[in-house]
Structure formats: C-alpha cells, structure tokens
Trainee: 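Please read through the structure below; I'll follow up with questions.
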Amino acid sequence: MSVHEPTQVVVLGGGYTAVWAARALARGLRRRLRDGSVRVTVVSSSTTHAFHGWTGEVLSGHVRGERARTALVDLVPAAWVLHGCATALDTVTRTVAVTTDEGVRLLPYHHLLVATGSRDARERVPGLAEHGWSLKDDGGLDALVGRLDGGAGPAVVVGGGLAGTEAAVAMAARLRREDPEARVVLVHGGDRVLPELRPRFERVARYALEQAGRAGVDVRCGARVVRVDDGVVVLDDGSTIPAGTVVSAVGQRVVTLPGLAADRAADGRLVTDRLLRTSIDGVWAGGDGAAVPQPNGSGPCPPNALWALKAGTRVGRNIARTVRGRPARAFRFPGLGQAASLGVGRGAAELYGVQLTGWAAWLTRWVFFHAFMPSRRVALAAMGDWLVLGLRTLGGRRAVAHATRGAVSNTGTLDAAV
Ligand SMILES: Cc1cc2nc3c(=O)[nH]c(=O)nc-3n(C[C@H](O)[C@H](O)[C@H](O)COP(=O)(O)OP(=O)(O)OC[C@H]3O[C@@H](n4cnc5c(N)ncnc54)[C@H](O)[C@@H]3O)c2cc1C
C-alpha cells in the first residue's frame with residue numbers, strides 16, 4: 001500500500017462487537033472518512049445483525065423474528081459492508097482473503113478488528129449437527145420457529161445454561177398454546193441447571209428453575225446426551241427420549257481465522273491486552289472470540305452481548321485514536337449483570353450483584369434490551385409490538401370478565417393471550 005492510499009480499517013464480523021466498533025470508528029474518524037483518507041470495511045458472513053437477547057421472545061411469539069435482525073448496511077452507514085466470509089489472513093502482507101458470491105477478494109488493511117465471535121458447538125454431541133436445531137446459526141431461529149409451528153413433536157433442549165433454560169420455557173409457551181399436553185424436556189449434564197448463576201445468585205437460579213417447572217418443562221439434570229439420532233436422544237445411562245425437535249444449547253465455540261497465529265487462551269479466544277490489541281501488530285479483537293482482561297483483574301470478560309458491545313465501542317475508539325496519532329485507552333467497563341426471561345413478568349436477573357426476580361427483573365431486562373438494540377427504529381417497532389400485546393391481553397381479560405360476569409376476573413396471563 002502506498003502512503004497516499006487511504007488508511008484501511010477492516011472489521012471482521014457483523015455482531016455486537018463489529019457494529020459498535022464501526023460506529024465508534026465513524027464518530028472518531030468522521031472528517032477522515034469524509035475526505036477519503038480513511039476507509040472502514042465491515043466484512044460479515046451474515047447480511048444482518050442478530051440481537052440474540054430476544055431469542056426466548058421470538059420462540060414464544062412475543063417478539064417478531066424481524067425485530068431480532070437488522071440489516072447491517074442500515075446500522076453502519078459510514079462503512080462499506082462486504083457480504084462474505086473471511087477465510088484466510090496474511091499478517092505479513094496485511095491482507096485478508098474474503099470469499100464472496102463473486103469469488104475471493106483480497107482486502108489490504110492497516111488495522112484489522114477480529115470480531116467473528118462464536119458459533120454453536122453442535123459437534124460436541126454426535127448427531128446434534130445433523131439432527132439438531134441451532135439458536136445462533138444465521139437463519140436458525142426463524143427455521144426453528146417454522147418447525148415449532150409446523151408440528152415439532154416432543155422437543156428436547158440439550159444444555160441447561162441460561163440460553164437453554166430460557167429457550168425451553170419459551171418453546172413450551174409456544175407449543176402449549178396449541179396443545180396443552182405438548183412436551184419439552186431440558187437435558188443438562190451437570191448436577192444443576194443454570195451454572196452461570198450458581199452459587200452466588202442461588203435465589204435467582206431457584207426462581208428460574210421453579211418457573212421452568214411451572215411452564216411445563218421437564219428438567220433432567222445429571223444426564224449427558226451421548227448421541228442424537230433421527231427422532232431420539234440417547235443418554236449416557238442408555239435411556240432414550242423421543243424427540244421430534246432437538247435444540248442445541250450446548251455452548252459456543254470460538255470462530256478461528258486461518259493464518260492468524262496470535263496468542264490464544266486455552267478455549268481458543270484471542271488474548272488481548274487492556275487496549276484490545278492482540279499479540280500481532282495491527283490486529284485488534286473483542287467480543288466472544290477474545291479473551292479481554294476484565295478491569296477488576298478477575299480473568300477474561302464473560303462471553304455475552306453487553307461485554308461484546310462495550311469492547312466494540314472501546315476498540316473502535318482505540319483504532320480511531322491510533323489513526324489520529326493519539327494513544328489508545330484501556331477497556332474499563334466493569335460489567336452490569338445477567339438476565340433471562342421465563343415468560344412475561346417472570347424475569348430472573350442479577351444487576352450489579354443484586355438479585356431480582358419476577359416483574360422487577362423482567363422490566364429491568366426489558367428496558368435494558370430496548371436501550372441496547374442496535375437500531376432505534378427497530379427498538380421502537382418492538383415496543384409497539386409489546387404495546388399491542390398488552391392491549392390485546394387487557395382486551396382478552398375484559399372479555400373473559402364480561403363473559404363470566406365477574407365470577408372469574410383474572411384468568412388470563414399475557415402468555416396465554418397471544
Ligand atoms: C441463544 C442465545 C441467547 C443469548 N442471549 C443473550 C442475552 O440475553 N444477553 C447477553 O448478554 N448475551 C446473550 N447471548 C450471548 C451473545 O449473543 C454473545 O455474547 C454475542 O453475540 C457476542 O457478540 P460478538 O460480536 O462477539 O459475536 P457474534 O454475535 O457471534 O457475531 C459474530 C459475527 O461474525 C460473523 N462471522 C463469523 N465468522 C465470520 C467470518 N469468517 N467472516 C466474516 N464474518 C464472520 C457472523 O456472521 C456474525 O455476524 C446469547 C447467545 C445465544 C446464542
């Protein structure tokens with residue numbers, strides 16, 4: 001690259017880290033982007049940003065699938081969005097190879113942000129990739145909703161972390177609207193579900209488990225799935241569970257990029273310093289695919305959306321500062337907490353270490369999630385959906401109250417109304 005050519009910043013990924021980084025770059029390099037001395041390219045294998053926080057609500061039917069997906073070109077207007085998969089990296093010539101529908105493109109870079117995140121680790125259980133459904137794969141959630149509506153048969157969720165428990169409850173809510181006897185089994189290899197919350201947030205974990213039972217989810221702990229065959233899940237004690245639909249919630253695996261020989265943690269995450277730099281010059285990282293030190297020194301940041309988007313903002317600002325000849329700054333986000341929804345009004349959350357359940361947790365999560373959606377327009381549309389849902393529920397309750405002439409005045413829940 002000649003010195004007269006624009007400074008090339010290439011962002012790999014279209015998730016939280018990439019979008020928030022591209023926005024910070026747009027703010028920090030506004031003038032240079034306008035005069036053409038800097039170019040920001042976002043390379044993503046998906047054309048949309050997925051807001052995974054609404055996974056449960058999309059499964060239950062409370063939030064439409066399109067509210068959880070936003071076109072990348074609308075989110076990062078100052079960047080050139082290239083739809084393709086980064087398949088190789090040469091850190092000596094500073095070039096990344098991107099496979100697109102039109103062939104392979106070689107992109108030169110001065111600064112490269114690796115924000116390719118993680119993917120469902122379905123290969124951990126034999127047969128799960130062939131017969132299981134993903135909550136994270138591109139288009140996976142919409143396909144699963146179609147499956148549930150098209151007659152899912154008994155459903156089994158493999159993995160009892162927050163994502164798996166939330167998905168099982170949401171699926172039960174959707175299926176039981178049509179068939180009150182519909183069966184959802186949550187299989188967890190450990191002694192107790194929701195390991196992310198234990199032992200510190202035991203009360204929240206107990207509440208979530210109680211809600212799962214109430215929703216009709218059959219929770220099986222201490223049972224490892226050894227194989228998934230067509231229509232059946234096989235456990236390590238030799239027993240089987242009939243399964244028309246098997247959903248993977250076994251955890252995530254870091255997406256690795258061939259040619260990137262940077263320092264990695266044991267789980268494959270790229271090790272960064274507090275400025276979000278990897279061990280390779282000009283290569284930065286953040287999000288699920290990076291082991292970023294927590295400001296309080298308690299190990300790497302957990303792989304969740306809030307950490308990813310905060311790291312994205314910091315790394316975007318740091319690249320912009322470096323381009324402007326200013327020193328990069330340390331990542332200082334202290335964390336906020338974690339939350340799940342087990343149905344409307346049934347939240348389970350931990351906020352700055354304070355345990356919340358029920359409506360308090362549900363509303364807190366609802367407010368934060370709308371605030372952190374990447375598009376104001378889509379967030380407003382999602383709020384509109386909730387408003388319609390609330391009005392329909394109230395309307396439904398009034399009709400029930402009228403029909404029973406006050407004998408039973410509170411028979412419906414928001415869940416049952418949709
Ligand atoms: C079902 C589910 C529910 C969740 N719920 C919550 C929640 O409620 N709250 C919370 O905080 N977190 C939640 N998470 C976790 C959260 O989604 C992740 O921590 C977050 O997505 C990480 O963001 P990221 O930017 O690092 O990567 P990702 O979101 O994984 O994005 C990676 C991006 O890179 C792209 N990509 C991958 N490989 C390539 C390549 N080779 N070339 C080009 N592009 C590539 C992908 O298409 C994707 O756009 C949930 C996760 C799942 C799976």
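Read the numbers this way: they start at 1 and go in the same order the structure lists the ligands and their atoms. In this chain, numbering begins with 1 at the start of the sequence shown.
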Trainee: Give the atom numbers and elements of ligand 1 that come within less than 4.0 Å of a heavy atom of C85.
Mentor: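 Checking each atom against C85, I get 40 (C), 41 (N), 42 (N).
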Trainee: Once you restrict to heavy atoms under 4.0 Å, what part of P303 touches ligand 1? Side chain, backbone, both or neither.
Mentor: backbone
Trainee: Who's closest to atom 29 (O) of ligand 1 heavy-atom-wise, of G15, G56, C301?
Mentor: G15
Trainee: Does A305 reach ligand 1 with a nitrogen or oxygen that is under 3.5 Å from one of the ligand's nitrogen or oxygen atoms?
Mentor: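 Yes.
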Trainee: May I ask you to list the atoms of ligand 1 that are less than 4.0 angstrom from any heavy atom of S46?
Mentor: 47 (O)
Trainee: For ligand 1, which atoms have a heavy atom of L135 less than 4.0 angstrom away?
Mentor: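 In order of number, 1 (C).
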Trainee: I'd like to check whether E166 has a polar contact with ligand 1, where a contact means an N/O of the residue lying under 3.5 Å from an N/O of the ligand.
Mentor: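 No - when backbone and side-chain N and O of E166 are compared with those of ligand 1, no distance drops under 3.5 Å.
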Trainee: Measure F369 to ligand 1 on non-hydrogen atoms and call it side chain, backbone, both or neither using the 4.0 Å cut-off.
Mentor: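 The part of F369 near ligand 1 is the side chain, not the backbone.
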Trainee: Is it the case that T99 and T87 place a side-chain donor and acceptor less than 3.5 Å from each other?
Mentor: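 Yes, because at least one side-chain N or O of T99 sits under 3.5 Å from a partner of the opposite role on T87.
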Trainee: Considering only heavy atoms of G287, which atoms of ligand 1 have at least one such atom less than 4.0 Å away?
Mentor: 26 (O)
Trainee: Mind checking the CD-NE2 spacing from E102 to H83? Nearest 0.5 Å is all I need.
Mentor: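 Result: 10.0 Å between the selected atoms.
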Trainee: With backbone taken as N, CA, C and O and side chain as the heavy atoms from C-beta onward, which portion of Q252 lies under 4.0 Å from ligand 1: side chain, backbone, both, or neither?
Mentor: side chain
Trainee: At a 4.0 Å cut-off, with the gap strictly under it, does some heavy atom of G84 reach an atom of ligand 1?
Mentor: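 G84: in contact with ligand 1 (<4.0 Å).
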Trainee: T245 and R147: side-chain donor and acceptor closer than 3.5 Å?
Mentor: yes
Trainee: Is there any N or O on A86 that sits under 3.5 Å from an N or O of ligand 1?
Mentor: yes
Trainee: Going by the angle between their ring planes, with limits at 30° and 60°, are F369 and W54 parallel, tilted or perpendicular?
Mentor: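 It falls in the perpendicular class, over 60°.
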Trainee: Under 4.0 Å, heavy-atom basis, I'd like to know which part of H52 is in contact with ligand 1: side chain, backbone, both or neither.
Mentor: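 The answer is both, backbone and side chain.
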Trainee: For ligand 1, which atoms have a heavy atom of A115 less than 4.0 angstrom away?
Mentor: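 Result: 32 (C), 33 (C), 34 (O).
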Trainee: Who's the nearest protein heavy-atom neighbour of atom 19 (O) of ligand 1, and how far?
Mentor: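 The closest one turns out to be D288 OD1, 2.7 Å.
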Trainee: In terms of residue, atom name and distance, what is the protein heavy atom nearest to atom 37 (C) of ligand 1?
Mentor: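 Checked against all protein heavy atoms, atom 37 (C) of ligand 1 sits closest to T116 O, 3.4 Å.
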Trainee: Should the proximity of V255 to ligand 1, defined as any heavy atom under 4.0 Å, be assigned to the side chain, the backbone, both, or neither?
Mentor: side chain
Trainee: Please report whether the ring centroid of Y16 lies less than 6.0 Å from that of F372.
Mentor: no
